[in-house]
Amino acid sequence: MPQATISLHNKEFTPYLNEAELAAAVRQVAQRINQDYAGKTPLFIAVLNGSFMFAADLMKEVTIDCEISFIRVASYQGTSSTGEVKEILGLQDAVEGRHVVVLEDIVDTGHTMQMLLEQLGARNPASLEVATFLIKPDALQVPLNVKYQGLAIPNKFVVGYGLDYDGLGRNYRELYQAV
Ligand code: 5GP
């Protein structure tokens with residue numbers, strides 16, 4: 001049966017990518033990581049909330065020794081000259097000397113990831129890469145090296161598979177697109 005349109009907070013979303021398409025994207029990322037990090041015991045740092053489903057499914061496909069930890073990004077308004085300030089919350093693992101892979105649900109403008117890479121990079125990891133489930137290349141505003149990309153998508157708002165619209169929609173197995 002074809003998936004139906006869903007309504008979240010009275011906003012309509014249409015089916016965009018199905019479970020099989022999402023699973024293939026996750027597997028492709030995991031396979032590359034399995035090759036690239038064999039013998040290195042990477043530390044995955046997953047960014048909550050949105051990445052929880054991607055992180056869980058990715059971990060099931062990673063077959064090498066690895067660790068995973070979860071962080072949040074807090075945003076607050078700085079002075080008018082600095083604009084929005086973001087900082088990492090909840091990072092308890094030592095990053096120094098580790099092969100770190102940041103797990104994100106989606107890279108949109110890239111500002112969040114840029115900040116994460118700056119702050120994690122300052123802790124002297126042995127290496128630092130990004131694995132994002134989704135990326136919107138047309139929305140990117142900063143230069144970023146995103147080594148592992150599940151799917152590149154158009155610049156439209158999506159929900160499901162961990163991603164929310166004002167808190168709702170994270171529980172859907174498929175990805176939906178704003179109408
Ligand atoms: P960036 O700093 O790259 O602009 O934004 C990254 C964050 O914006 C993501 O972690 C996510 O929380 C949110 N975001 C960006 N695009 C989307 C989207 O299409 N759908 C949802 N649900 N969140 C998005």
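Counting starts at 1 for both ligands and their atoms, in listed order. All values below come from the heavy atoms of this structure, side chains included, with hydrogens, waters and symmetry mates left out.
Between E87 and Q119, the shortest heavy-atom distance links the atoms CA-NE2, 3.9 Å. Of all the heavy atoms in P125 and L120, the pair that sits closest is CD-O, 3.3 Å.
Contact annotation: the side chain of F44 approaches that of I33 to within less than 4.5 Å [non-hydrogen atoms, C-beta and beyond].
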Tabulate below the donor-acceptor pairs under 3.5 Å that side-chain atoms of residues 144-162 make, not counting sequence neighbours, or state none.
{"unit_1": "Y148", "atom_1": "OH", "unit_2": "D36", "atom_2": "OD2", "d": "2.5"}
{"unit_1": "Q149", "atom_1": "NE2", "unit_2": "V146", "atom_2": "O", "d": "3.1"}
{"unit_1": "Y161", "atom_1": "OH", "unit_2": "D57", "atom_2": "OD2", "d": "2.6"}

Under 3.5 Å, which donor-acceptor pairs link side chains of residues 128-135 to any protein atom two or more places apart or in another chain?
{"unit_1": "T132", "atom_1": "OG1", "unit_2": "L134", "atom_2": "O", "d": "2.8"}

Let me check something: any side-chain donor-acceptor pairs from residues 4-18 under 3.5 Å, sequence neighbours excluded? List them with distances.
{"unit_1": "H9", "atom_1": "NE2", "unit_2": "D166", "atom_2": "O", "d": "2.9"}
{"unit_1": "N18", "atom_1": "OD1", "unit_2": "A20", "atom_2": "N", "d": "3.1"}
{"unit_1": "N18", "atom_1": "OD1", "unit_2": "E21", "atom_2": "N", "d": "2.9"}

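The protein residues lying under 4.0 angstrom from ligand 1, judged by non-hydrogen atoms, are E104, D105, I106, V107, D108, T109, G110, H111, T112, K136, K156, F157, V158, L163, D164.
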